[in-house]
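Read through the structure below, which is laid out as structure tokens, and then see the notes.
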Amino acid sequence: MVPHLVTALTGPINELEQRILESTPVIERWFRLEWMEHTPPFYSSVDVRNAGFKLAPVDTNLYPGGWNHLTPEMIPLAVQAAMAAIEKICPEAKNLLLIPEKHTRNSFYLQNVQRLVQIFTLAGLNVRLGSLDEAITEPTRLELADGGALTIEPLVRSKRRLGLKDFDPCTILLNNDLSAGIPKVLENLHEQYLLPPLHAGWAVRRKTNHFQAYEEVAKKFAKLLGMDPWLINPMFARCGEVDFSDGTGSECLMSNAEALLGKIRRKYKEYGINEKPFVVVKADNGTGGMGILTVRDAREIDNLSAKTKAHMAVTQGGQAVHEVIIQEGVLTNERINSAVAEPVVYMMDRYVVGGFYRVHADRGVDENLNAPGSSYVPLAFEQSAQLPQPGVKPGASVPNRFYMYGVIGRLAMLAASYELEATDPDAEVYE
């Protein structure tokens, strides 16, 4: 099953698909040259939205969960990519310490951890799990829904290294986005590879930095293909001093929302799009679909209900929201039966390894599909994103659509690479 586009206006996206397929050698060469200059994040997932007239990433996760949603056929790709990544970072690696989220009782999340353990074990590593939860003081067995089990152990920190009892890893892989702050136990590890680096966590990272970098990448890519970067780039603005609980910063929010809605209106007019523009206000740091607001008229910001204000005031991990990104809303015009579907592209090292669709029966085309409590059905991409079919009519080929999503996913991953370089606290500065 593959979602179908339910918009009459598929001209721009079919044209984009055609252009991307015709330019495959140019695109792949361009990516190769970029990766000679920049290091890809170790792994990432990108939420993509296809409006029919615009195809853009709306979120890039550098600590992706949900690996269990990929089909078994995609595992070999992930294993190969994991091998390539480890070989570059620590070719002599034998032991990998995987540190998951603290709330490891969630059975869906544990299936994701189980899949990551499987991928890195098949890549030829001894994989063990260490917990940041201080309540775990001895090896603890966690039962899984499929009858399997995982053992999670307390971390052991020496002066310069981190491991477990009788287990000294070369590489430490975080599957915990650090939204609650950077734990002391992870600081000053200069002898081991910590992946992703600490400044990739939400304690430091900001979405506006990411989309600033993405804008740069999108402009380069659009110039390469001779197209308007807006077709793949969501416009955005930032407000730095906001407090939803007492209304601080609402003028900044309203003026930026109004200006952004005006820009979107002009673009819609240029392309003959009869949709109502909207913007999405969300915390500049943090993830998990918390603190997200859809705005179609800037005046709505002045009249938020107490419930909405409370919802917007904290992110996952209970952190107060003081910085927000106001992002151009991109409709999702893909459907399975009548349910809204949004693709998520998964990458490891510089390779697309697969993806899935979040499918919602009870959500609108302009709503966030990753909200807490929302019941989305994962639908794995049936076919590889690496096998485009040249010569097939645009919009008619599933592999071609997945290849296009893979290109957009890799653009966002490249932007994450630019972003991490720009925000690296240990970067060497050459004058």
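Only heavy atoms go into these numbers, but all of them, side chains included; no hydrogens, no water, no symmetry mates.
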Greater than 12 external heavy atoms within 6.0 Å of Glu134's CD: no
Audit row: Tyr418, Tyr214, ring pair (Phe, Tyr, Trp, His ring centres under 6.0 Å) steps and yes/no: CA-CA 8 Å; Tyr418 281 30; Tyr214 182 78; over 10 Å; no
Going by atom types alone, do Tyr357 and Glu334 pair a side-chain donor with an acceptor below 3.5 Å? yes
Verdict with supporting geometry, Asn95 and Asn126, side-chain hydrogen bond (donor to acceptor under 3.5 Å, both in side chains): CA-CA 5 Å; Asn95 297 336; Asn126 297 318; 2.9 Å; yes
Under the side-chain contact (heavy atoms from CB on, under 4.5 Å) rule, what do Thr208 and Val324 come out as? Steps first, then yes or no, please. CA-CA 8 Å; Thr208 41; Val324 300; over 6 Å; no
Determine, for Arg19 against Glu17, whether the closest basic-nitrogen to carboxylate-oxygen distance falls under 4.0 angstrom. no
Passing candidate, side chain to side chain contact (heavy atoms under 4.5 Å, CB included) with Leu173, options Val127, Ile86, Leu98: Leu98
Give a yes-or-no answer on whether the side chains of Gln114 and Asp146 include a donor-acceptor pair shorter than 3.5 Å. yes
Sort out for me which residue in Ile301, Leu293, Val295 forms a side chain to side chain contact (heavy atoms under 4.5 Å, CB included) with Leu253. Ile301
Salt bridge or not between Arg205 and Asp177? Use side-chain N to carboxylate O under 4.0 Å. no
So for atom NZ, which belongs to Lys88, do other residues, nucleotides or ligands contribute more than 12 heavy atoms lying within a distance under 6.0 Å? yes
Without hydrogens or angle criteria, can the side chains of Tyr43 and Asp349 be said to hold a donor-acceptor pair below 3.5 Å? no
Taking 4.0 angstrom as the limit, do Arg410 and Glu28 come out as a salt bridge? yes
Ion pair check, Glu153 and Lys165, cut-off under 4.0 Å: no
Name the residue from Trp230, Phe236, Phe278 that meets the side chain to side chain contact (heavy atoms under 4.5 Å, CB included) definition with Glu328. Trp230
